[in-house]
Every structure is written in C-alpha cells, then in structure tokens.
Protein chains: 2
Amino acid sequence: MSEKRQKLEAAARKRVQRAGLHGLSFRTLADEIGIKSSSVHYYFPEKSDLARVLIERYHEEFFTALHDIASKRWKLKRKLSAFIAIFEAVEARNELCLCGMLALEAEQLDADNIALLGKFFTETEAWLVSLFKEHKAELKTTIAPSVLAMSLLSGLEGALLVDRTLSSRARVKAQKSWIHSLLA
Amino acid sequence: MSEKRQKLEAAARKRVQRAGLHGLSFRTLADEIGIKSSSVHYYFPEKSDLARVLIERYHEEFFTALHDIASKRWKLKRKLSAFIAIFEAVEARNELCLCGMLALEAEQLDADNIALLGKFFTETEAWLVSLFKEHKAELKTTIAPSVLAMSLLSGLEGALLVDRTLSSRARVKAQKSWIHSLLA
DNA sequence: GTCTATATACAGATAGAC
DNA sequence: GTCTATCTGTATATAGAC
C-alpha cells in the first residue's frame with residue numbers, strides 16, 4: 001500500500017472517530033495530506049468506498065489485538081482488562097469506536113457497510129463468549145455468557161458516548177469495575 | 001405553544017432520533033409541515049436553537065416518566081423494567097435516544113448544548129442511584145449504586161446503537177436480564 | 001497520480017414584500 | 001407568520017490536461 005494511501009486512511013479514520021463520517025470531507029482530508037480533493041477520489045472513488053475500507057481496516061486491527069489477548073496464558077481478569085484497555089485507549093485519544101460512530105450514522109450508510117458494522121459487533125461478542133466459556137471457572141455469576149458479552153460490549157460503546165459529553169472517563173471505568181465484580 | 005411549532009418540534013425530533021442533527025434540514029422539515037424553510041427560521045432562528053429546544057423537551061418528557069415511575073409503590077424490579085421500557089419503546093420506533101444521538105455529534109454542537117446533554121445523563125444516573133438506595137434491600141450485589149447506574153445507562157445507550165446495525169433488539173433485552181439477575 | 005476547473009446539489013441563513 | 005428570492009458556503013463527484 002502506498003504511503004499516501006496510508007496517510008489518507010489514518011487521517012480519515014481519526015476524523016471519523018471524532019466527527020463521524022459526515023464530519024469528514026474529501027476537501028479537508030486532502031488539505032491535511034497536502035493534495036487536492038480530486039486526488040483523494042483517485043484512491044477512493046466514492047465516500048462509501050472510503051467508509052468500507054475504514055471499517056475493514058478497523059476490524060482487522062481490532063481482531064489482531066483480540067487474538068493477541070486470547071493467545072496469552074492469562075487469567076480471565078487480566079484478559080478482560082486488556083480488552084477494556086482497547087476502549088480506554090480510544091477514550092484517551094478523545095475518540096469513539098469507529099463502528100460505534102458509524103452505527104449512529106447508519107441512516108446515511110449503504111447496506112453493505114451496515115452489514116460490516118453488524119459483523120464487527122457480533123464477532124466481538126462471539127470472541128467474548130468463547131473467552132467466558134474458556135474461563136468458566138473464574139466466573140461467579142449465573143448470567144449467560146452471551147448476555148454478559150452483549151452487555152459488556154454495549155456498555156463500553158455507550159460509555160464512550162456518555163463520557164464524551166462530560167469530558168469524563170468514569171463510565172468506561174464503571175464498566176470495568178462492574179465486570180470485575182463478577183470474577184472469582 | 002402554537003400548533004405549527006409543536007408539529008415542527010415533533011417532526012424535528014423524530015428526524016434527529018433517526019438520522020442525527022445533520023440529517024435534519026430546515027428544508028425537508030419545512031416540506032413535511034407544509035411551510036417554507038424561511039418560516040422555520042421564524043420559530044428557530046438558528047439550528048442550534050432548535051437543537052437546544054429538542055434537548056430540553058426530551059429531558060422534560062423523560063423525567064416526567066421517571067417521576068411517574070418513582071412515585072409508584074412498586075418493587076425495584078418493576079420500576080427498573082419500566083425504566084428500561086422507555087428505551088424499548090425508542091427501539092421499537094427504530095429510533096435512538098435523542099441525547100445519545102447528539103452525543104455522537106458533539107463535535108458539531110456548541111458548548112451550551114453539550115452541557116445540556118451531560119446534564120441529561122448525570123441526572124438520569126442520579127435518579128437511578130436514588131432508586132437503588134431506596135430499594136437497597138432488594139439488591140443482591142456488592143457493586144456500588146453509582147457504578148450500577150452508570151453501567152445501566154451506558155449499556156442501554158450502547159445497546160440501542162449496536163442493535164440498530166443488526167435490526168435486532170437482543171442487546172436491550174440483555175441489559176434487562178443482566179440487571180434483573182442482581183435483584184433479590 | 002495529481003492537477004485545474006467545473007458541474008451539481010444542498011445546506012444554513014437573511015432581506016424584504018405582503 | 002409566511003412568502004419569494006437570494007446570498008454564501010460547502011459537499012460529492014467528474015472531465016480532461018499534464
């Protein structure tokens with residue numbers, strides 16, 4: 001992948017995680033990289049092409065991190081902390097989850113991209129479910145793993161959103177202390 | 001309040017809860033009501049004025065519902081179900097929480113409106129905290145009421161967002177079953 | 001690959017007549 | 001209160017030269 005393309009993707013992603021897809025324009029994106037907007041169209045013919053690439057790349061990187069965590073010989077508590085740390089890092093950069101942001105803009109996205117978002121969420125939940133099942137002995141709760149997985153992911157996505165309006169990090173922290181209270 | 005003004009607010013609110021503030025234009029809003037966009041400016045000089053009114057009205061109605069719930073002689077479980085039902089109703093209309101939607105668009109809002117969003121979230125959490133304290137005996141958990149409150153609200157906001165990409169209602173349901181598992 | 005130039009559409013907002 | 005008309009800005013996208 002060319003250097004320009006990489007710079008474009010990085011700048012676009014940061015902008016989307018802060019201001020949403022509609023908050024990203026080809027003009028300002030081009031300005032930031034030092035080219036003209038018509039040149040951005042050379043790399044991404046339409047805006048939906050750019051959105052698709054951003055989601056796919058985010059998905060890739062996110063699951064690379066998840067696989068890293070899963071491969072470690074750690075206790076459940078530490079693995080979950082590492083998972084939550086991904087969201088803490090996003091929050092520390094004053095950003096939102098790319099897929100969470102785009103989910104809110106679903107009305108403006110095409111069906112393909114919405115499907116990619118759905119895939120991101122269900123696969124993340126599936127990863128959590130397998131984690132909970134693998135470490136079943138370390139969980140002291142009767143809540144079903146799938147409910148736990150959905151609640152944790154929803155909670156983190158919502159926590160980023162609420163915290164943002166208050167310049168706080170308390171809600172992501174709350175998610176962490178809630179989930180930790182269920183561990184042996 | 002005039003009838004036109006009321007119609008405008010209702011239509012604007014529905015549109016924002018589906019497509020966000022940027023997905024609402026004075027032109028299409030005017031078309032829907034049967035007036036011209038310049039007439040919309042008569043009621044709401046700038047778009048931020050409309051946003052402010054929408055947040056304030058949503059806040060009002062939301063807390064009217066909360067006060068109704070709090071005044072009932074119900075068990076905690078039933079009160080929490082009624083609270084969650086507010087979000088289920090939003091989801092059933094294929095909408096998002098108005099404040100959750102605007103939180104994602106925070107970058108485009110002015111400071112006053114962001115403050116109103118923060119107020120909505122903290123007051124809702126405070127309401128939940130007082131509810132948990134009032135019904136302390138019905139709670140079988142060591143999790144602090146404030147953590148519980150933040151987790152539940154974040155969870156519901158995030159659940160609406162994730163469910164939307166999957167045309168599902170499973171995540172709001174998961175929030176309900178998670179919180180119910182903590183009740184005596 | 002990148003540019004200039006432009007087509008086209010739509011946004012928020014205002015002036016001034018009625 | 002509502003209109004017509006318009007200003008101004010910005011967006012996506014494309015054509016065609018270099």
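The figures here come from the full heavy-atom set of this structure, side chains too, leaving out hydrogens, waters and symmetry mates. The structure displayed is predicted, hence computed values, not measured ones. Each chain gets a letter, A, B and so on, in the order its sequence line appears, and its residues count up from 1.
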Separation of B:His41 atom NE2 from D:dG1 atom C1', in whole Å? 15 Å
Could you state the atom-to-atom distance from CG of A:Asp49 to P of D:dT14 in whole Å? 10 Å
Under a 4.5 Å side-chain heavy-atom rule over Ile, Leu, Val, Met, Phe, Trp and Tyr, are B:Val172 and B:Ile86 clustered together? yes
Taking side-chain hydrogen bond (donor to acceptor under 3.5 Å, both in side chains) as the test, write out the residues that go with A:Ser181, two or more places apart. none
Under 4.0 Å between a Lys/Arg side-chain N and an Asp/Glu carboxylate O for A:Arg169 and A:Glu88? no
Please confirm whether the shortest side-chain N or O distance from B:Ser39 to OP1 or OP2 of D:dC3 is below 4.0 Å. yes
Between C:dT2, C:dA13, D:dC3, which nucleotide gets closest to the side-chain atoms of A:Tyr43? C:dT2
Rounded to whole angstroms, how far apart are CZ on B:Arg15 and C1' on C:dA11? 14 Å
May I ask you to evaluate whether A:Lys4 reaches the phosphate of C:dT2, defined as a side-chain N or O under 4.0 Å from OP1 or OP2? yes
Interface residues of residues 20-30 of chain A with DNA chain C (non-hydrogen, below 4.0 angstrom): none
Work out how much the helix from C:dG1-D:dC18 to C:dC18-D:dG1 bends between its end axes, five pairs an end, to the nearest 10 degrees. 0°
B:Leu117 and A:Leu166, any side-chain heavy atoms less than 4.5 Å apart: no
Between A:Ile35 (CD1) and C:dT4 (P), how many Å, whole number? 12 Å
Nearest to the side chain of A:Ser37 - C:dG12, D:dC3, D:dA13? D:dA13
Distance below 4.0 Å between A:Lys47 side-chain N/O and D:dT12 OP1 or OP2: yes
Looking at A:Tyr42, I'd like to know whether one of its side-chain N or O atoms comes within less than 4.0 Å of OP1 or OP2 on C:dG1. yes
Roughly how many Å is it from CD1 in B:Ile33 to P in D:dC3, rounded to a whole number? 12 Å
Rounded to the nearest angstrom, tell me the gap between atom CG in B:Leu8 and atom C1' in D:dG1. 12 Å
Return the minimal non-hydrogen interatomic distance between B:Ser151 and A:Trp178, and the atom names on each side. OG-CB, 3.7 Å
Think A:Arg52 forms a cation-pi with A:Phe44, using NZ or CZ under 6.0 Å from the six-ring centre and within 45 degrees of its axis? no
Are any of the side-chain nitrogens in B:Arg18 or A:Glu107 under 4.0 Å away from the carboxylate oxygens of its partner? no
For the pair made of CD in B:Gln108 and P in D:dA11, what is the distance, rounded to whole Å? 11 Å
Heavy atoms, side chains only, cut-off 4.5 Å: are B:Ser154 and A:Gln175 in contact? yes
Within 45 degrees of the axis of the six-membered ring of B:Phe83 and under 6.0 Å from its centre: does B:Arg78 put its NZ or CZ there? no
Length of the CZ-P vector between A:Phe44 and D:dA11, whole Å: 18 Å
